[in-house]
Structures are given as structure tokens and as C-alpha cells.
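All values reported here derive from a predicted model rather than from experimental measurement.
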Amino acid sequence: MKHASRADGRGGSREVCACIRVRPPFVCVCMQVAKLGPDPLRHSDDAERFWARVSSSRKPIGLLLMDQSAVAGVGNIYRAEILYKSRVHPEQPGNSLSRATFDVIWGHCVELLQRGFSSGSILTVDPEDARTLGKPWTRR
């Protein structure tokens, strides 16, 4: 399996190719990494790029969290849980958030995505809540 990249004309590579095996031959689906926002799963990525985007946008924070060019990896379930834990309404405009509130949101992004990655599952119940609520199949 080969991973391909294309030069961006500035001497560097701006695309990464994820190869998936459907049936031989492999099918490559390429996306431009430069268009993705910071990834909460990467220790090398920080929140500053996302903060710059959020603090200058009138878009609702719920939409900004779903925008992969603003922050990578957050889907609808994580968006809802991050905002619930942060006590922020999804319709609140990004530019109305304080830096302290944004830092809480980013912290929950990092925490929840890393927990999901290491467990291999989207977990929306904190461990201390799970002890109170009981086994998952009894919570209905």
C-alpha cells in the first residue's frame, strides 16, 4: 500500500493520502491537510489557531466546532457533549466567548477526543457519573 502526496508548488507537500482497501487495487482518498484546523488529538497542535477563528467569527460556536477547517475531528456527538460540559449554548456567537470560556471548550475537546481515541469508542459519560448512573444497559 502506497501513500501519495502532491507538491504544492512551494517546495512542500500539502496533501496527504489515506489509502483504504475496498478491493484490490487500493483506493486513495486525498484531502488537503493545510485546510484542516488544529487537531485536539495532536500534542503539537495548540488552540491558538482555533481561538483566532472563533474570536473573529459571528458564527455560532456549535457550527464552528463542526467546521473541520476551524478544528479537526469534532463531530456532532462531541460538539453536543463539549458544549454541554462547558455550559455554553451552541447558538452563542464565537466572538462573544471570553478567552476563559474558550479555554474550557478546548480542554473538553482535548479530553473527550483523547478518551474516545484511547478507548476506541465515543464515551459521553464521565467515569464519576458512570459510577452513579450504573451499568450502561440499566440507564434507559
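Note: the hydrophobic cluster containing Val88 does not contain Leu63 (ILVMFWY, side chain heavy atoms under 4.5 Å, direct or indirect links). In the hydrophobic cluster analysis, where Ile, Leu, Val, Met, Phe, Trp and Tyr join through side-chain heavy atoms closer than 4.5 angstrom, Met66 is grouped apart from Ile61. In this structure, Leu123 is not a member of the same hydrophobic cluster as Val110, with clusters built from ILVMFWY side-chain heavy atoms closer than 4.5 Å. With hydrophobic clusters built from ILVMFWY side chains whose heavy atoms lie under 4.5 angstrom apart, Leu36 does not share a cluster with Leu41.
Nearest heavy atom pair, residue Leu64 against residue Gly94, reads CD1-CA, 4.0 Å. When all heavy atoms are compared, the tightest approach of Val71 to Pro38 is CG2-O, 3.4 Å. Of all heavy-atom pairs spanning Gly37 and Ala72, the tightest one is O-CB, 3.6 Å. Residues Ser86 and Val104 approach most closely at OG-CG1, 3.8 Å, considering heavy atoms. Considering all non-hydrogen atoms of both residues, Ser119 and Ser121 come closest at OG-O, 3.1 Å.
Between Leu112 and Glu81, the closest side-chain pair of non-hydrogen atoms falls below 4.5 Å. Between Phe50 and Phe102 there is a side-chain heavy-atom pair separated by less than 4.5 Å.
Remark: the backbone N or O of Ser69 is paired with a side-chain donor or acceptor of Arg53 at under 3.5 angstrom. In this structure a side-chain-to-backbone donor-acceptor pair under 3.5 Å is present from Asp45 to Asp39. Of the possible polar contacts, none joining the Arg49 side chain to the Asp46 backbone as a donor-acceptor pair under 3.5 Å is found. With Ser57 contributing its side chain and Val54 its backbone, the two residues share no donor-acceptor pair below 3.5 Å. Thr101 contributes no side-chain N or O that, together with a main-chain N or O of Leu97, makes up a donor-acceptor pair within less than 3.5 Å.
Atom OH of Tyr78 and atom CD1 of Ile122 lie 5.0 Å apart (nearest 0.5 Å). To the nearest 0.5 Å, atoms CD1 (Ile77) and CZ (Arg79) are separated by 10.5 Å. Taking NZ from Lys59 and CG from Asn95, the interatomic distance works out to 12.5 Å, rounded to the nearest 0.5 Å.
Both the sub-6.0 Å distance and the 45° axial angle are satisfied by Arg87 relative to the ring of Tyr84.
Checked against Ile82 for a side chain to side chain contact (heavy atoms under 4.5 Å, CB included), the options Pro90, Pro40, Cys109 give a single hit: Cys109.
Salt bridge status for Glu48 with Arg99: present, with a side-chain N to carboxylate O gap under 4.0 Å.
Counting only N and O atoms by type, the side chains of His108 and Glu111 include a donor and acceptor under 3.5 Å apart.
For Thr132, there are no side chain to side chain contact (heavy atoms under 4.5 Å, CB included) partners, not counting sequence neighbours.
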